[in-house]
Amino acid sequence: MVELFIARYVYLMIVVLLIIGLYGMLGKRNLLKKLIGMNIFQTAIFLFFIEGATKAGGSVPVIDQQLGMAAAQYVNPLPHVLILTGIVVGLALTGVALAFILVIYRAYNTLDDKAIMKEMSK
Amino acid sequence: MSSLSILILAPLLLASFLATLVGIWRLTWAYIITIIGIALSLAAASAGLFRVLQEGTLRHYLGGWPPPFGIEYVLDHLSAFMAIIIVFIGFVIVIYPPGAGLYHVPRKGVPMYGLVLLLISGLIGVVVTGDLFNLFVFLEIYSLASYALITLGGNRAVVASFRYLVLGTIAGGFYLLGIGFIYFSTGTLNMADAAQLLPALYSSPTVVAAAALIVIGMGIKLALFPLHVWLPDAHSYAPPVIAAILAAVQIEVAGYVIVRMMLTVFRPEYFIEILPITSAIGWVAAAGIIFGSLMAIAQKDFKRMLAYSTVAQVAYVGLGIGLANPLGLIGGLLHILNHAFMKSCLFLIAGGIRFQTGLHEVSQFAGLGRKMPLMMTAFTVAALSMVGIPPTCGFFSKWYLILGSVEAGNWVFVAVILTSSLLTAVYFFRILEKLFAAPPNDDEAVTKATEPSPKIVVPILVLAIGILVLGLINALIVTRVLWPVVALLPTG
Amino acid sequence: METYYSLKPLLAVLVSLLAVVLIVIPNQRPNVRESWTIMAAVAKFTIVLSMLPSVLQGQYPEITLFAISPGISLALKVDSLGIIFGLSASLLWVLASFFSIGYVRGVPEHKQTRYFASFAICLSATMGIAFAANLLTLVVFYEILTIATYPLVIHKETGAAIAAGRRYLVYLLTGGVALLLALALTYQISDSVDFRAGGILPAGIGKSSLILLFILFLTSFGVKSAIMPMHSWLPAAMAAPTPVSALLHAVAVVKAGVFGFARIIGFIIGPGLLQKSGMGDFLAALTAITIIVASLVALRQDNLKMRLAYSTVSHLSYIVLGLALFSPSAWIGGLLHIVNHAMTKITLFFCAGAIYVRTHCQNVSEMNGIGRQMPITMSAFTLASLGLAGIPPINGFISKWYLVQGTLDVGQTIYAATFLISGLLNAGYLMSIVCRAFFRGSDKFVKYGEVSPSMLIPLVLTAMFSLLLGLFPDQFPFLFQLAARVASNVLGGGGP
């Protein structure tokens, strides 16, 4: 059991990060904290992809004369590429969310979810 | 090989950039570019549907790279069906004048055109792509465009949109995690390729988790009860023209993703027998139908009522998926089309009423029927279709769903569909009664109300006539377009 | 029995829809608008009448439009049963149109355009129901009829009218929902929804699904034909203007429910299965109770239209009871009663409308002596009352004769007694009005005379028709011939 945890400890950390992120998004009242939670959540997913791509002893995915053409010698490059796109998407989301937070703060003078709800229902 | 699929997408993306840039300088030009772009796309989508009906599935390899290495765009019966709905509704939405659609801030027409085009291109991308990760990218493109579009409705809309953004990101994240699991088990992101490799791995917990994560993520996007919490605020605070396109096509695309996963990526049996996914969706949807209808009855604000009605109506799509037999899924898919027409028509009417009179609460509508006869006739048609009165199209999606439920022997679903018809009748006839029979109050907004300009009325009438025509030609759509889609499903 | 392709059934349905388009043209003079109604009504009746000879020869006009669901077409076929209903409804629309014009101007009513447009849609839907070749087509028109009647029920827009409208919708939409499910079940069980004399359900159908199906059909058509305990919308709907009550709530709408029963009993489930499952007896008992109870309630109504409404409830059950007895005579009696009751009841409603326009009296207790002021109206009323009570030589007697004979054929004397007792009650609640009108004096009505000719002529004509149908049944042999053919087809189990 312990070995299993040690062998998969990165995944475990990813799960912890995911849960922290979800808690931040759903549990926190401050909108900015929600946004931070969102970033943690996304980062955890990115880490998951990167971790999936690694291989013990794998090299940078640029063809090397010494290592030859054997795919097993290189880490998988595809997830990295995907995650580059993923990061761009995440950045865009964060940017849009920050813009929203600015507008909300100007309109309601608070970032507290409950207080905003109260303002809105007026 | 055919590049028609890319031809639906390209004019939209191009026009979206151009319209935004030109719009800063001249709004009229942005409008013209938008119309041209979406008209080209509509032509391509119609040609695509026609060729799919003639020749079967059309494939396009992006950049000439064959799958599984390159990204593949696939136009089959299901995606051609979805594409034409999306582009057509988009076309009607952009014809509708932004002044009436946004009613507060005139200059916001500029970002609106670019973003609406971006939204539509994202939706088209989702339905034509044959690549799992590409689908995620388009998912986020259309989500970002919708977050921004919702905020055009003012400060409350920004708050609603922020909430939607948070939940939408969770949904996108779940989907991304799901395809990560698929990728690490199969090594491919191409849907057709994954479909070949997955059956051997069906018992693997990774694949189970992948299916579950994708379905939950899409359940949030589809606003399936109880994951609907973001929808009522977002759709009722958004400007009506935006709410129209969000309710009519944007959320239904998530339903498309679930159907695509069930039919193409996984085998239907996997979702039906090995994992109880379809039955879970079905029961959740059944609860959502009743919940949404009851909440709609409790609303005073017209748009909010429509938003809750959307919660109930998209659950019909979920119910069709849940039934997982050909007739049931036909009912669900047909309801995507029908609901697109009905709900966009209703939201545009809400916009017209608000623009013309400033009224938004149902109780204030007394006597409007005499003042705006054309628009209210369209409302009557759309409302009757929502209730499911033949020969409007709303009747026929219910008819196939009931046939599917009877075939599945699921009497609870039958009861749910029939009950919800009656509940829908409650909240729509309440409005009809107000519009046509209640004594008009002395409110100046009502006594001075007139029929809005043809620019507003024409798109509404087009949709209302569409509701009647779709009802009459539904058998054609079902036999030609939808049967090939559901042919894979087990019968009986 | 053969069918041939003909556009006429479609035209019969569409002609009044065309009239709707012409009626709603804004800013036209009322006379022009009303002329569209009259023209459409006459055209419709002519079209239906022109199909009668070929139907009598066993040649059924048929038109299949297009598929509205895979395997099911929107199709119209004029058979013997359909033309009985179509003919009586379209003839009475002509008369009711003239009456309406006099009525809405006499009262005067508001929003007349909506009134005439809804009326025309209702008639289109009624023709569609009469000529539907399969159950799905029937359901489509049935629901259109339900919705198009709603604006007429709430026409007065008073609190009572709106409340009546709500009740109407609750009952009728619930019935519609049950009908939809019944339709789906029928399609699932027999893979077809086409009408065929003798029924289409497979003989081996399970008893529980048969009972479920029957209960669903009973709730759907039972609502429209106001079988107790599903009747309460009908008296409430009397809040509508009188011509609406006359044509729709005595003829078209409620008869659509009865007609639905004829289609279900004879052409979908089939008499054999119904008899075997015991559901026929159940339906017969239910309708017999309705006949008696509704007649008793009618006795206690002071409002004239309410009294007529309960009388309608009772007479609709006459027809359904006749259909549920599975004897040829009872079927003939039931089908003839569709026509005969329509003639007499519309006369009574026309009279009630005429009285209302002239005196604004709605209650029986205020009508002392009115017969002296409006002698023609009240004579027509008397004639129709005698007809409904089943007194020879008026038409009601003939259908009642066959109905009673039918009960005796199958040895159900209790139902024979039901008809006879109800006849007495009929006489009680209708003749008491006649007595008041003619034999009690009152100084209240000295200043009134007869109504305008556009109202008087239709009610005289319908009264005359009632008398002629009763006096010279041999002059209208086609009705009997049609009814007899339907009965033999359905109960003999042969032929389309």
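Proteins get letters first, then strands, A, B, ... in listed order; numbering begins at 1 in each.
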Q.
Can you tell me which portion of B:I417 sits under 4.5 Å from chain C's heavy atoms? Options are side chain, backbone, both or neither.
A. neither
Q. Tell me, side chain or backbone of B:R430 under 4.5 Å from chain C's heavy atoms, or both, or neither?
A.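 Answer is neither: B:R430 stays 4.5 Å or more from chain C.
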Q: Identify which part of C:L169 has an atom lying under 4.5 Å from any heavy atom of chain B, answering side chain, backbone, both or neither.
A: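 The answer is the side chain of C:L169.
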(Q) Given heavy-atom pairs under 4.5 angstrom as the criterion, report whether the side chain, backbone, both or neither of C:L136 touches chain B. (A)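 Side chain only.
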Q. Is the backbone N or O of C:S69 less than 3.5 Å from a side-chain atom of B:N474, with the two atoms forming a donor-acceptor pair by type?
A.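 Between the backbone of C:S69 and the side chain of B:N474 there is no qualifying donor-acceptor contact (under 3.5 Å).
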Is any side-chain heavy atom of [Y] closer than 4.5 Å to one of [X]?
X	Y	answer
C:Y187	B:I402	no
B:F436	C:R114	yes
B:F429	C:I147	yes
B:P390	C:F141	no

Q: Quick one: closest heavy-atom pair of B:E407 and C:Q188, and the distance?
A: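 Reported closest heavy-atom pair: CA-NE2, 3.8 Å.
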**Q.** Heavy-atom closest contact (B:Y400 atom, C:P70 atom, distance)
**A.** OH-CD, 3.0 Å
Among [options], residue most engaged with chain C (heavy-atom pairs, under 4.5 Å):
options	answer
B:L432, B:L327, B:L472	B:L472
B:A425, B:P391, B:A437, B:G471	B:A437
B:T479, B:I389, B:T419	B:I389

**Q.** Evaluation steps, side chain to side chain contact (heavy atoms under 4.5 Å, CB included), between C:F66 and B:I473
**A.** CA-CA 8 Å; C:F66 49 84; B:I473 63 164; over 6 Å; no
Q: Among the options C:I154, C:T158, C:I144, pick out the one with the most heavy-atom pairs lying under 4.5 Å from chain B.
A: C:I144
Q) For the atom pair CD1 (C:I68) and CG (B:L476), what is the distance rounded to the nearest 0.5 Å? A)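 With rounding to 0.5 Å, CD1 (C:I68) is 13.5 Å from CG (B:L476).
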